[in-house]
Amino acid sequence: MTLLIIIIVLALIFDYINGFHDAANAIATVVATKVLTPFQAVLWAAFFNFLAYWVFGFGVADTVAKTAHTMEINLVVILAGVIAAICWNLLTWWLGIPSSSSHTLIGGFAGAAIAHAIAVHGFSGYAGEDGTTHYWYEIVSWYKAGKDGGMPSGVIIIIAFIVLAPLVGALASYLISIWLLNASRKNIGPKIFTVAVMIATIWFVYTQMVPFSEIEKPRFESHFWSVAFESHNIKWFLVAFIILTVSAFCLIFSSLNLHQADAALKKMQLLSSAAFSLGHGGNDSQKVMGIIAAAVAVYINTNPGVHMDSWLDVVLPNDDKGIKGVMPGWIPLACYSAIAAGTLSGGWKIVKTMGSKITKVSSFEGVAAETAGALTLYFTEHLKIPVSTTHTITGSIIGVGLTKRVSAVRWGVTVSLIWAWVLTIPISALLAGLVYFVLSVFI
């Protein structure tokens with residue numbers, strides 16, 4: 001039990017470090033455009049990091065918890081993974097490199113699990129409980145087909161989104177920028193397009209709503225308020241609010257002078273940065289919830305018959321067996337509190353890289369980049385894919401820069417960032433493997 005408590009504490013410390021390591025993701029453009037002072041920006045971001053507690057579910061947490069097969073590992077594996085993730089995060093923060101905290105954690109967990117499999121079984125095959133031959137690399141959940149044709153999961157999908165998340169962010173911010181630029185002209189075409197976007201958004205969000213009859217535990221007796229405050233529905237209401245707000249601005253953009261347009265964009269930047277901070281909190285806090293849930297599951301597996309207190313009564317969901325997940329309320333509350341506290345601590349070295357070194361950012365670019373980044377995070381969270389908020393916002397900033405000209409993006413800095421992204425998972429995995437072998441000597 002002592003080792004389990006140590007893992008939970010270290011996981012929350014990682015969550016705190018994640019907060020100040022990734023604070024720049026949400027506040028870099030707001031600080032760069034002088035909409036908020038650095039202190040005001042971190043307060044703003046931290047508030048919305050914590051607010052995500054009431055918006056997002058536990059889909060990403062479940063994906064992270066199942067990175068490795070919990071029936072085949074021990075607590076030393078998870079401890080090694082968390083220690084490696086903390087070390088790599090602190091190193092990249094110190095060097096001012098905006099690497100991914102998400103991929104650090106996934107890489108650490110997977111690397112420690114592989115080291116454990118090699119230590120126990122070697123490189124040759126071994127007979128599993130089902131009687132079939134297994135190998136050391138199968139301890140990691142590399143790929144699992146989606147249920148009923150849904151989104152597949154596994155480490156390969158997470159690795160794929162190292163490329164896809166920034167590409168989606170870049171494409172979305174590029175399209176939003178083009179939309180805003182055309183809306184500034186006194187033509188009827190952009191206004192017709194904007195109205196069509198508003199209608200399509202309302203229709204799409206309506207189709208995503210969970211009706212009262214399908215809500216397992218309604219929060220209110222009123223059907224209306226229960227539907228309105230269902231966490232799944234809140235997320236889609238936010239998507240609609242963001243897109244409709246940008247649409248409303250596009251409808252009046254051409255009638256504003258330069259000063260009025262700039263003032264309006266700065267106010268919209270508060271909304272877009274808040275939306276991205278909400279997505280950051282919802283995406284990254286869940287990863288720590290997943291690690292804690294996996295630790296409890298491993299503890300129960302390695303101590304059969306043990307009685308768990310209600311505050312540690314964690315059950316991992318299993319769609320194949322019809323088991324629904326259980327997570328005590330203090331775990332998400334602690335995780336969201338830790339990341340918000342970390343964001344309050346700031347991460348000024350990375351703010352400089354994200355806010356000025358990639359491309360020069362104005363309020364216009366800030367709105368486009370943050371809106372695109374927020375929408376990308378909301379959709380990937382809906383698909384239960386743990387993506388990097390760092391990669392997402394970097395891709396979004398690059399997409400904005402491309403609307404001016406290709407040379408507006410400082411590609412030398414961008415290539416350095418891509419190298420950091422590519423190396424994060426393998427380096428974290430190797431480091432976690434080494435930590436595992438050292439810990440195994442003493443524990």
Side-chain angles (χ1 to χ4, degrees), residues 29-30 32-35 164-209 228 233-276 278-279 358-380 382 392-393 395-409:
T29 58
V30 205
T33 55
K34 296 182 172 59
V35 173
L164 291 176
L167 281 180
V168 170
L171 179 62
S173 64
Y174 180 82
L175 294 175
I176 290 170
S177 299
I178 296 297
W179 180 21
L180 288 168
L181 285 170
N182 282 284
S184 66
R185 297 168 185 154
K186 297 183 182 296
N187 297 331
I188 191 66
K191 289 180 172 55
I192 294 174
F193 174 79
T194 298
V195 171
V197 168
M198 295 174 79
I199 294 171
T201 300
I202 292 169
W203 171 82
F204 175 77
V205 170
Y206 176 76
T207 62
Q208 299 300 313
M209 292 292 102
N233 293 345
I234 292 174
K235 179 175 61 185
W236 290 113
F237 285 142
L238 285 169
V239 169
F241 180 70
I242 293 166
I243 297 176
L244 293 177
T245 301
V246 175
S247 300
F249 174 75
C250 286
L251 290 175
I252 63 168
F253 196 3
S254 61
S255 63
L256 303 176
N257 60 39
L258 190 61
H259 176 73
Q260 290 172 327
D262 188 57
L265 283 167
K266 285 187 175 180
K267 290 178 182 176
M268 285 177 63
Q269 225 185 326
L270 290 174
L271 169 66
S272 59
S273 64
F276 189 85
L278 203 65
I358 296 174
T359 187
K360 187 178 179 182
V361 180
S362 66
S363 295
F364 176 91
E365 283 91 2
V367 168
E370 289 162 352
T371 301
L375 292 175
T376 303
L377 289 180
Y378 292 173
F379 279 100
T380 51
H382 176 66
T392 303
I393 194 63
S396 299
I397 293 172
I398 290 171
V400 168
L402 290 174
T403 60
K404 292 179 280 189
R405 60 188 184 280
V406 174
S407 61
V409 177

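In this text, all values refer to a predicted model and were calculated from it rather than measured experimentally.
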To the nearest 0.5 Å, what is the distance between [atom1] on [X] and [atom2] on [Y]?
X: L171; Y: L164; atom1: CG; atom2: CG; result: 11.5 Å
X: Y174; Y: I178; atom1: OH; atom2: CD1; result: 4.0 Å
X: L238; Y: W236; atom1: CG; atom2: CH2; result: 11.0 Å
X: M198; Y: F193; atom1: CE; atom2: CZ; result: 12.5 Å
X: S247; Y: F253; atom1: OG; atom2: CZ; result: 13.5 Å
X: T245; Y: K267; atom1: OG1; atom2: NZ; result: 13.5 Å

Is it true that the side chains of T194 and W179 contain a donor and an acceptor less than 3.5 Å apart?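 Side chains of T194 and W179: pair found under 3.5 Å.
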Does I243 reach the side chain of L375, with side-chain heavy atoms less than 4.5 Å apart?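 Yes, close enough: below the 4.5 Å cut-off.
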Heavy atoms, side chains only, cut-off 4.5 Å: are I393 and T376 in contact?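 Heavy-atom side-chain distance check fails, nothing below 4.5 Å.
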Stepwise side chain to side chain contact (heavy atoms under 4.5 Å, CB included) test for L278 and L377: CA-CA 9 Å; L278 203 65; L377 289 180; over 6 Å; no
Around F204, counting heavy atoms of other residues, nucleotides and ligands shown, do more than 12 lie under 6.0 Å from its CZ?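 Counting other residues, nucleotides and ligands, CZ of F204 exceeds 12 neighbours.
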Donor-acceptor contact present, side-chain D262 to main-chain L258, <3.5 Å: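 The answer is no, because no donor-acceptor pair under 3.5 Å joins these two groups.
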Which residue, V246, T403, L175, T371, forms the side-chain contact (heavy atoms from CB on, under 4.5 Å) with L180?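 Considering V246, T403, L175, T371, a side-chain contact (heavy atoms from CB on, under 4.5 Å) with L180 is found only for V246.
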